[in-house]
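Take a look at the structure set out below.
Count residues from 1 along the sequence. Computation of the quantities below employed the complete heavy-atom set of this structure, encompassing side-chain atoms and omitting hydrogens, waters and symmetry-equivalent molecules. Because the structure is a prediction, the values reported are computed rather than measured.
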Amino acid sequence: MTAVIKHMFMPLFNKAANVYGAYTATKLAGYGLRYDDLYDPLRDEDVAEALRRLPPDVVMARDARLRRAIDLDCKHDSLHGDLLAKQTPNEHYLQEALEEVRTERRERAQLGAQPSYTRIYY
């Protein structure tokens, strides 16, 4: 029974996912952001560690995109024309490093070792 329901609704679900992905990409491009810019290093230690492992120019570009997005949001504006056309919101730069960090964390947990990085909360 579940296979029939899954077979019936999976194309509908995939269509809705594609529409949502396109909508999200349009909104991100309007602010000049990429999807990976939305990860918060203060809430996830793995994201913070993955950002530490990236080259400095990639991290500086991320920070510049975030500052520009905050500025545009405060001005109630968005990117226009040529800048909007150059945006690549679905280009991922953090996924490989993040997956590597999460794999290392899982391996350490299986071995019973402490994580090599911890955040200190004050």
Salt bridge (Lys or Arg N to Asp or Glu O under 4.0 Å) between D82 and K86, intermediate numbers included: CA-CA 6 Å; D82 293 339; K86 292 180 183 179; over 6 Å; no
Any L51 side-chain heavy atom under 4.5 Å of L54 side chain: yes
Validation row: Q87, L33 side chains within 4.5 angstrom (heavy atoms): no
Sole candidate of R52, R53, R102 that passes salt bridge (Lys or Arg N to Asp or Glu O under 4.0 Å) when paired with D46: R102
R67/D63 ion pair, N-O < 4.0 Å: no
Kindly compute the distance separating [atom1] ([X]) from [atom2] ([Y]), expressed to the nearest 0.5 Å.
{"X": "D71", "Y": "L66", "atom1": "CG", "atom2": "CG", "value": "12.5 Å"}
{"X": "R62", "Y": "L94", "atom1": "CZ", "atom2": "CG", "value": "7.0 Å"}
{"X": "F13", "Y": "M8", "atom1": "CZ", "atom2": "CE", "value": "16.0 Å"}
{"X": "D37", "Y": "R65", "atom1": "CG", "atom2": "CZ", "value": "4.0 Å"}

Evaluation steps, side chain to side chain donor-acceptor pair (under 3.5 Å), between Y35 and Q95: CA-CA 10 Å; Y35 185 77; Q95 295 298 322; over 6 Å; no
Step-by-step salt bridge (Lys or Arg N to Asp or Glu O under 4.0 Å) determination, E49 to R105: CA-CA 11 Å; E49 180 62 23; R105 181 181 282 272; over 6 Å; no
Within 6.0 Å of CD in E96, more than 12 heavy atoms from elsewhere: no
Within 6.0 Å of NE2 in H7, more than 12 heavy atoms from elsewhere: no
side-chain contact (heavy atoms from CB on, under 4.5 Å) assessment of L38 paired with L28: CA-CA 10 Å; L38 302 179; L28 289 174; 3.9 Å; yes
Backbone of Y93 reached by a side-chain donor or acceptor of R34 within 3.5 Å: no
Pair V47-D40, side-chain contact (heavy atoms from CB on, under 4.5 Å): steps then yes or no: CA-CA 7 Å; V47 172; D40 186 3; over 6 Å; no
Atom of D73, atom of Y31 and distance for their closest heavy-atom approach: OD1-OH, 3.4 Å
